[in-house]
Visitor: 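Okay, handing you the structure first.
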Amino acid sequence: MALLLEHEFRVLPADREIETGPFLDAVAHLPPFFDCLGTPIVYSPVKADLAGNIKKIRAVYESNPTKFKTLKNILEVEKEMYGPAWPKTGATLALMWLKRGLKFIQVLLQSLSDGERDEENPNLIRVNALKAYEIALKKYHGWMLQKLFSGSVYALPYKSDLLKALEKGKDVNEEETIEKIHQFLAKATPVLDAIYDMYTKMNAELNYKA
């Protein structure tokens, strides 16, 4: 799939340490995913947030690639650097929000690839998008953002149009495209799970609402 497989995630190593540079290269092409969902008033800010957080993490990484070789290095160094202000600061905060945006993408695609759908309207993706929002973002959003998203599901593209958009406009064979989604998820999901586990183990997760 043109969009998702342009820069694949590396296979997660046995020690589950994620190298920052290759990770940033893999996620840098993902913000345009939200263009595929239409409804600019809802998804353009999400896209901009994703891109902005990638930029913040990259700036920290490029300031000292050796010091910040892995994502865990970033959290460890910033924890010592910022003291009581951590984790609500720096690249730690940027990665916290980035992983939530990536989780939304991952759950939506997993739901599609698992064949979850509204049986009465099988070409709609509302079921998939609502599941992704519930799991990845809803509890971090205030009432107004939640209402905005709930309304946006009625303007989502058809499943067939989403798959075509992910192929950058090429005609698609649904089975082939779903197989490419599987390929993307096989590498992306373990990496994302490892980031979530890292935040839990380091007590870096925050639950305040945006």
Visitor: Donor-acceptor pair, distance only, cut-off 3.5 Å: does the side chain of Ser63 make one with the backbone of Val60?
Guide: yes
Visitor: Between the side chains of Asp193 and Lys99, is the shortest nitrogen-to-carboxylate-oxygen separation below 4.0 Å, so that they form an ion pair?
Guide: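 No.
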Visitor: Using side-chain heavy atoms (C-beta onward) and a distance below 4.5 Å, is Lys209 in contact with Gln146?
Guide: yes
Visitor: Less than 4.0 angstrom from a charged side-chain N to a carboxylate O is my criterion; do Glu17 and Lys69 meet it?
Guide: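 Result for this pair is no, no salt bridge flagged.
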Visitor: Do Lys138 and Phe149 meet the cation-pi criteria used here (NZ or CZ under 6.0 Å from the six-membered ring centre, within 45° of the axis)?
Guide: no
Visitor: Which heavy atom of Phe184 sits nearest a heavy atom of Leu4, and at what distance?
Guide: CD1-O, 3.4 Å
Visitor: Are Leu37 and Phe33 packed together at the side-chain level, in the sense that at least one heavy-atom pair is separated by less than 4.5 angstrom?
Guide: yes
Visitor: Would you indicate whether Lys88, at its atom NZ, is surrounded by more than 12 heavy atoms from other residues, nucleotides or ligands within a distance under 6.0 Å?
Guide: no
Visitor: Could you tell me whether a side-chain N or O of Asn123 sits under 3.5 Å from a main-chain N or O of Ser160, the two making a donor and an acceptor?
Guide: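 Yes: the side chain of Asn123 pairs with the backbone of Ser160.
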Visitor: Check Ile57 against Thr20 and note the closest heavy-atom contact, atom names and distance.
Guide: CG2-CG2, 4.4 Å
Visitor: Is a side-chain donor or acceptor of Asn121 paired with a backbone partner of Leu124 at a separation under 3.5 angstrom?
Guide: no
Visitor: Looking only at non-hydrogen atoms, find the nearest pair between Tyr133 and His141 and report the distance.
Guide: OH-ND1, 2.8 Å
Visitor: Does Gln106 reach the side chain of Leu185, with side-chain heavy atoms less than 4.5 Å apart?
Guide: yes
Visitor: Report the C-alpha distance between Asp197 and Arg16 in whole Å, list the side-chain angles of each, state the deciding distance to 0.1 Å, and finish with yes or no for salt bridge (charged side-chain N to carboxylate O under 4.0 Å, His left out).
Guide: CA-CA 10 Å; Asp197 288 346; Arg16 306 186 87 212; 3.0 Å; yes
Visitor: Just wondering, are more than 12 heavy atoms of other shown residues or ligands nearer than 6.0 Å to NZ in Lys103?
Guide: yes
Visitor: Under 3.5 Å, is there a donor-acceptor pair between the side chain of Glu78 and the main chain of Ala91?
Guide: yes
Visitor: So Leu75 and Leu95, do their side chains get closer than 4.5 Å, heavy atoms only?
Guide: yes
Visitor: Identify the two heavy atoms, one from Glu116 and one from Ser111, that lie closest to each other, and give their separation to 0.1 Å.
Guide: OE1-OG, 2.6 Å
Visitor: Any side-chain heavy atom of Thr92 sitting closer than 4.5 Å to one from Lys79?
Guide: no
Visitor: For a 4.5 angstrom cut-off between non-hydrogen side-chain atoms, does Leu50 reach Phe104?
Guide: no
Visitor: Measure the shortest side-chain to side-chain distance between Lys56 and Asn53 over non-hydrogen atoms and say whether it is less than 4.5 angstrom.
Guide: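 Counting from C-beta outward, Lys56 and Asn53 do come under 4.5 Å.
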Visitor: Shortest non-hydrogen contact from Ala204 to Met96?
Guide: O-SD, 4.1 Å
Visitor: Are the side chains of Phe34 and Ile105 in contact, using a 4.5 Å heavy-atom criterion?
Guide: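 Of all side-chain heavy-atom pairs linking Phe34 with Ile105, at least one is under 4.5 Å.
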Visitor: Quick one: do Arg100 and Glu205 make a salt bridge, cutoff under 4.0 Å?
Guide: yes
Visitor: Is a donor on one side and an acceptor on the other found under 3.5 Å between the side chain of Ser113 and the backbone of Gln110?
Guide: yes
Visitor: What are the two closest non-hydrogen atoms of Pro31 and Val27, and how far apart are they?
Guide: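 It is CD-O, 3.4 Å.
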